[in-house]
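The block underneath contains the structure these notes are about, expressed in structure tokens.
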Amino acid sequence: MKVALTIGGSDPTGGAGIQMDLKVFQALGVYGTAVITALTAQNTKVFKKIYPLSAKMIDNQFRVLLNDIKPYAAKTGMIYSEEALECIVKNVKKYRINNLIIDPVINSSTGRRLIQKKTLKKLKEQLIPLSKAITANIPEAEILAKMKINSEKTILEAAKRIKEMGPEIVIIKGGHWHNKASDFLYDGKNLFVAEGEKFMGQYHGTGCAFSSAFVAFLCLGYEHEKALHASKNFVKNAIINALKIGKGMYLLKI
Ligand code: PXL
């Protein structure tokens with residue numbers, strides 16, 4: 001069984017963060033492992049607090065886990081503090097994690113900032129260059145590429161700007177754009193489009209589910225374009241079957 005590693009924050013609702021990633025890995029037949037960067041106190045209605053773990057705590061998780069279990073692919077999610085980011089960069093290099101997918105988590109679905117400004121700068125300069133793929137939604141792509149996205153032409157331009165930061169492929173998820181929710185994959189040569197319909201309502205954890213599904217499909221040997229379609233389809237089904245478990249946002253059914 002292939003092993004995937006998620007590096008991110010804990011979401012006690014189980015709807016996003018490492019809890020969601022582990023569920024997705026499990027559902028897709030990939031063995032999931034996790035290194036936690038921060039704890040959060042949140043539910044489906046409110047985001048109360050972030051408790052970042054120290055670099056030492058994160059470093060020890062990497063050292064002890066990776067000396068035993070090496071992942072075939074890994075993903076990063078929420079990385080709040082600069083020291084967490086530096087520690088992740090160090091360990092990605094040290095353990096030669098090469099199938100690295102970055103979900104550039106900037107804001108929670110409730111609007112809470114999940115990355116500090118200095119951390120975002122270092123994410124762009126130090127972590128994105130080490131990645132195989134980056135999976136950004138439109139607001140994230142706009143921040144990374146420093147431009148407004150409102151058309152397919154501007155999506156391609158933003159993807160090109162992000163590609164210059166060093167990832168092999170750039171995925172921009174169109175869920176936040178107009179009434180369509182097509183996803184775009186740019187590999188430096190071609191722009192592939194995965195057409196999609198938009199679902200109304202507030203669904204928690206769709207970004208986490210998409211990026212962890214993409215990691216799982218890479219583990220299963222899918223090519224990039226096939227992994228894009230499969231991940232999109234996986235998230236679509238999780239949204240269609242979403243559950244009203246809490247008093248606020250819907251949680252995805254994995
Ligand atoms: O969906 C982004 C995300 C990632 N990681 C954690 C989160 C969230 C959104 O709330 O809480 C831990």
Side-chain angles (χ1 to χ4, degrees), residues 4-25 32-54 57-58 61 74-81 83-85 87-88 100-116 119-120 123 127-128 131 133-144 171-176 181 183 199 201-216 231-232 234-236 238-239 242-243 245-254:
L5 167 65
T6 172
I7 304 160
S10 158
D11 170 5
T13 70
I18 58 135
Q19 286 88 347
M20 166 57 93
D21 296 339
L22 291 172
K23 285 191 225 177
V24 172
F25 294 157
T33 57
V35 164
I36 301 184
T37 60
L39 304 181
T40 70
Q42 62 177 302
N43 60 30
T44 56
K45 284 176 84 173
V46 291
F47 196 117
K48 272 272 190 281
K49 192 131 175 79
I50 297 172
Y51 298 97
L53 300 197
S54 68
M57 291 161 99
I58 299 168
Q61 293 179 70
K75 66 156 276 192
T76 61
M78 174 182 165
I79 308 172
Y80 185 70
S81 73
E83 65 174 302
L85 189 109
C87 177
I88 292 164
L100 179 69
I101 309 307
I102 296 179
D103 181 10
V105 173
I106 297 178
N107 291 311
S108 75
S109 17
T110 43
R112 171 72 190 246
R113 180 120 184 152
L114 300 182
I115 184 167
Q116 289 180 308
T119 315
L120 181 58
L123 179 91
L127 192 61
I128 293 180
S131 70
I134 174 158
T135 60
N137 61 32
I138 292 208
E140 290 160 352
E142 287 183 328
I143 291 168
L144 291 171
I171 294 172
I172 300 182
K173 297 165 292 165
H176 294 71
D183 293 346
F199 297 95
Q202 276 248 309
Y203 300 95
H204 185 51
T206 51
C208 301
F210 179 88
S211 54
S212 50
F214 193 78
V215 168
S231 307
K232 188 162 183 62
F234 180 84
V235 175
K236 178 182 149 187
I239 291 175
L243 303 162
I245 299 271
K247 299 185 181 74
M249 285 179 292
Y250 279 86
L251 297 173
L252 301 186
K253 171 81 166 62
I254 301 303

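Atoms within each ligand, like the ligands themselves, are counted from 1 in listed order. Small disclaimer: the values here were computed from a predicted structure and weren't measured.
- A donor-acceptor contact shorter than 3.5 Å links the side chain of Thr40 to the backbone of Ser10.
- Closer than 4.0 angstrom to ligand 1 sit non-hydrogen atoms from Gly9, Ser10, Ala16, Gly17, Gln42, Phe47, Met78, Val105, Ser108, Leu114, His204, Cys208.
- Among Thr33, Asp21, Thr76, the one residue that satisfies the side-chain hydrogen bond (donor to acceptor under 3.5 Å, both in side chains) test with Thr6 is Asp21.
- Two residues are said to be in side-chain contact when any heavy atoms from C-beta on lie closer than 4.5 Å; Leu123 and Ile128 meet this criterion.
- Minimum heavy-atom separation, Ile7 to Thr37: CG2-CG2, 3.8 Å.
- For the salt bridge (Lys or Arg N to Asp or Glu O under 4.0 Å) test with Asp183, the passing option among Lys173, Lys236, Lys232 is Lys232; the others fail.
- Formation of a donor-acceptor pair under 3.5 Å by the Ser131 side chain with backbone atoms of Leu100 is not found in this model.
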